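Proteins come first, then strands; the chains are lettered A, B, ... in the order of their sequence lines, and each starts at number 1. Fair warning: this is a prediction, and the values are worked out from it, not measured in the lab. Basis for what follows: all heavy atoms, side chains included, without hydrogens, waters or symmetry-related copies.
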Amino acid sequence: MKIATWNINGVRARIGNLTHWLRESAPAIVCLQEIKTVDDQFPKAEIEALGYNVETHGQKGFNGVALLSRLPFDEVNRGLPGDDADEQARFIEGVFSTPKGALRVVSLYLPNGNPIDDPAKFPYKLSWMDRLEAWARERLALEEALVLAGDYNVIPEPIDAKNPRAWVNDALFQPQTRQAFRRLKNLSFTEAVRAVTDKADVYTFWDYQGGAWQKNNGIRIDHLLLSPEAADRLGSASIEKHVRSWEKPSDHVPVAVELELEAA
DNA sequence: ATGTCGCGGGTACCGCGA
């Protein structure tokens, strides 16, 4: 069963790209981030026409996440617990039934956090990461297949950037950011891409500016974290890099895993 | 550093967030 995550950078501006990719890649479940629309304006019909169920957690103008699934949803939860005052749409969880048991999938859009000297932005990122860790700790206790996928806005290691020195003052590569990501992973998650390759030059985002794509000046910030029960079933992980060369691309590309959750 | 982009507000481009 293919499960993919993609920061689409505006689903209404990119619906043609999205449907083309869904036909080509044929994932069973998709985690979208930065849909940048309210739920009412999400292009649901085009996606349902391809056989997907659609659940969104939208917001006007910014942020917004969604789950697309060929399996029916048993349960959907919107919003990361831990701060009732947090109005930003960055988290949606779906639960599915598979021949191998329950499958829980999250689409998350972790706060960017820049600039780091802003009184609100970087602290918001770090507190969001604390809330995510607390949430993950509870969910891991269920001992289910859990996939925590999305745009983490975290460059985990120097090897995950073409030019790591350019990121030392950026919220995506702060020691506190990297440490919070390690704390999350250390709860017992397997990071899917690094489970299958230790190569350099493996990126998921290339800025629109400065010819970043042409120079392969990328960073790896879109990740899928797998619970032990999901990691047991990991077949492969891949970055669908060619999508960045399409017309009117998102600045991110899809990242996917294959999990063996079908009937034997 | 930037050779950029999507969206909202309000109808021409600018501010914002990334």
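- In this structure, A/Gly210 reaches the bases: a heavy-atom distance under 4.0 Å links it to at least one base atom across the strands shown.
- Separation of the C1' atoms belonging to B/dG8 and B/dA12 is 14 Å when rounded to the nearest angstrom.
- Ring geometry for A/Trp246 against A/His20 counts as perpendicular: the plane angle is over 60°, on a 0 to 90° scale with 30° as the lower cut.
- Inter-residue side-chain proximity for A/Lys125 and A/Asn114 is flagged as unmet; no heavy-atom pair is nearer than 4.5 Å.
- Checking A/Gly211 against A/Arg14, the closest nucleotide of DNA chain B that is more toward the 5' end is the one next to A/Gly211.
- Ranking B/dC7, B/dA18, B/dT4 by closeness to the A/Tyr208 side chain, first place goes to B/dT4.
- Between A/Tyr152 and A/Phe181, the ring planes are perpendicular. Angles over 60° get that label, and only those under 30° would be called parallel.
- Positionally, the nearest nucleotide of DNA chain B for A/Lys60 lies more toward the 5' end than for the other of A/Gly113 and A/Lys60.
- Nucleotides B/dG10 and B/dG15 are separated by 13 Å at their C1' atoms, to the nearest Å.
- Straight-line distance from the CZ atom of A/Arg90 to the P atom of B/dA18: 6 Å, rounded to whole Å.
- Side-chain proximity of A/Lys215 to B/dC16, B/dG3, B/dC5: nearest is B/dG3.
- Protein atom NZ of A/Lys248 is 5 Å distant from nucleotide atom P of B/dG6, rounded to whole Å.
- B/dG6 and B/dT11 have their P atoms separated by 22 Å, given to the nearest Å.
- Between A/Glu93 and A/Arg139 there is a salt bridge, since a side-chain N of the basic residue sits under 4.0 Å from a carboxylate O of the acidic one.
- Among the protein residues, A/Tyr109 comes within range of the sugar-phosphate backbone only, with heavy atoms under 4.0 Å from sugar or phosphate atoms but none that close to a base.
- Rounded to whole Å, atom C1' of B/dC16 lies 13 Å from atom CD of A/Gln88.
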